[in-house]
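For reference, the structure is listed below as structure tokens.
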Amino acid sequence: MALSEILTQEKSIYLQIREMIERDILRDVLAEEERVPSTNELAKLYAINPATAAKGVNLLVDEGILYKKRGIGMFVAKGAKEKIRNKKKARFFEDYVKGLLTEAANLGISREELIAMITEGKGEED
């Protein structure tokens, strides 16, 4: 997904900035201990207010994904990729798996049937 598409969705821009940086970390575009674009650079690049960019970056600082080197900039923290992956896995479970299990139970789908459906669906992707 192109950043222009990301920034035009209904989600708040600062949340989109956070997610963009997280994706770049997960895809190894940004490595641990690497400097991330400054809030001013992000603001100029995406034509947004620097305070909005800072709000997205600061969320990542609060989560321990980024850290600030005074006078130098923001950097990706050690273990950031794993933290992001774990956070996204937990969100995936809450957003998708719990609902799937509830709906399967409501429909009387057994564990074995559900696993078979998932396996069959995964086979279609290969």
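Being a predicted model, the structure only gives us computed values, none of them experimental.
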Please check if the number of heavy atoms outside K88 that lie under 6.0 Å from its NZ is greater than 12. yes
Linked, directly or transitively: [X] and [Y] (ILVMFWY side chains, under 4.5 Å):
| X | Y | answer |
| --- | --- | --- |
| L45 | V36 | yes |
| F92 | M117 | yes |
| I13 | M20 | yes |

Report all side-chain donor-acceptor pairs from residues 57-77 shorter than 3.5 Å, counting only partners two or more places apart or in another chain.
residue, atom, partner, partner atom, Å
N58, ND2, A54, O, 3.1
E63, OE1, K87, NZ, 2.9
Y67, OH, E33, OE1, 2.4

Residue pairs passing the side-chain hydrogen bond (donor to acceptor under 3.5 Å, both in side chains) test with at least one member in residues 107-116, sequence neighbours excluded, are S110-E113
Which atom pairs, one a donor and one an acceptor, fall under 3.5 Å between side chains of residues 93-102 and the rest of the protein, sequence neighbours left out?
residue, atom, partner, partner atom, Å
E94, OE1, K98, NZ, 3.2
E94, OE2, K98, NZ, 3.2
T102, OG1, K98, O, 3.0

So which heavy atom on [X] is nearest to which on [Y], and how close?
| X | Y | value |
| --- | --- | --- |
| Y46 | I17 | CD1-CD1, 4.2 Å |
| L42 | A53 | CB-CB, 4.0 Å |
| L26 | R85 | CD2-N, 4.1 Å |

Between the CD1 atom in I109 and the CG atom in L114, the distance rounded to the nearest 0.5 Å is 6.5 Å
From I25 CD1 over to E22 CD, what is the distance, rounded to the nearest 0.5 angstrom? 7.0 Å
